[in-house]
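The block underneath contains the structure these notes are about, expressed in structure tokens.
Just so you know, residue 1 is the first one in the sequence shown, and it goes up from there. As the structure lists them, so they are numbered: ligands from 1, and atoms in each ligand from 1.
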Amino acid sequence: MDCLFCKIIKKELSSEVVYEDDKFLAFKDIHPIAPVHILIIPKKHIETIEHIGPGDKELIGELFLAAKKVAKLQGVLESGYRLSFNVGKNAGQAVDHLHLHLIGGKKLTWE
Ligand code: AMP
Ligand code: ZN
């Protein structure tokens with residue numbers, strides 16, 4: 001399968017990994033929009049939030065637990081941070097492998 005993030009999971013492409021366990025990988029976004037900008041991805045290839053099903057309930061819950069761990073590791077637990085998914089074209093989703101953006105390290109705006 002020709003998926004950029006699956007290649008990052010398999011270490012066929014390099015990335016700056018900040019957290020990894022058996023189900024998730026978290027790495028620095030290559031074009032950060034804030035001092036802290038991490039992508040947290042399930043190792044299971046799921047294209048978008050639109051492609052999750054009832055069988056993924058546990059995995060998606062665990063994704064947020066992994067995000068909390070990453071927030072702590074990145075030192076933004078106290079200062080706060082944003083978690084977001086881009087879903088589809090209007091949101092600007094560029095990579096079709098589910099990824100949760102964790103953004104922080106500065107005061108964030110909301111447009
Ligand atoms: P999205 O617009 O939600 O699909 O986000 C895709 C994100 O992946 C963007 O913020 C990109 O900067 C980031 N990205 C693309 N390629 C890489 C890469 N090889 N390593 C790290 N981040 C990447
Ligand atoms: Zn993938």
pair [X]-[Y]: side-chain heavy atoms closer than 4.5 Å:
X	Y	result
L98	I41	no
L100	L39	no
C3	H45	yes
I38	Y81	no

Inset, instruction - Taking E12 for its side chain and K7 for its backbone only, find out whether a donor-acceptor pair lies under 3.5 Å. - result: no
Legend entry - In the protein, N/O/S atoms that are found under 2.8 Å from the Zn ion (ligand 2), waters not counted: C3 SG, C6 SG, H45 ND1, H97 ND1
Inset, instruction - For ligand 1, would you mind listing the residues that have at least one heavy atom less than 4.0 Å away, ordered by chain and number? - result: L4, F5, I8, F27, K28, D29, I30, H31, L39, N86, G92, Q93, A94, V95, H99, H101
Inset, instruction - Report the residues that fulfil side-chain hydrogen bond (donor to acceptor under 3.5 Å, both in side chains) with T48, sequence neighbours left out, ordered by chain and then residue number. - result: H51
Inset, instruction - Give the ring-plane orientation class for H37 versus H101, where under 30° counts as parallel, over 60° as perpendicular and anything between as tilted. - result: tilted
Legend entry - NZ/NE/NH1/NH2 to OD/OE distance under 4.0 Å, K11 and E20: yes
Legend entry - ring pair (Phe, Tyr, Trp, His ring centres under 6.0 Å) involving F5 - partner list, sequence neighbours excluded: F27, H99
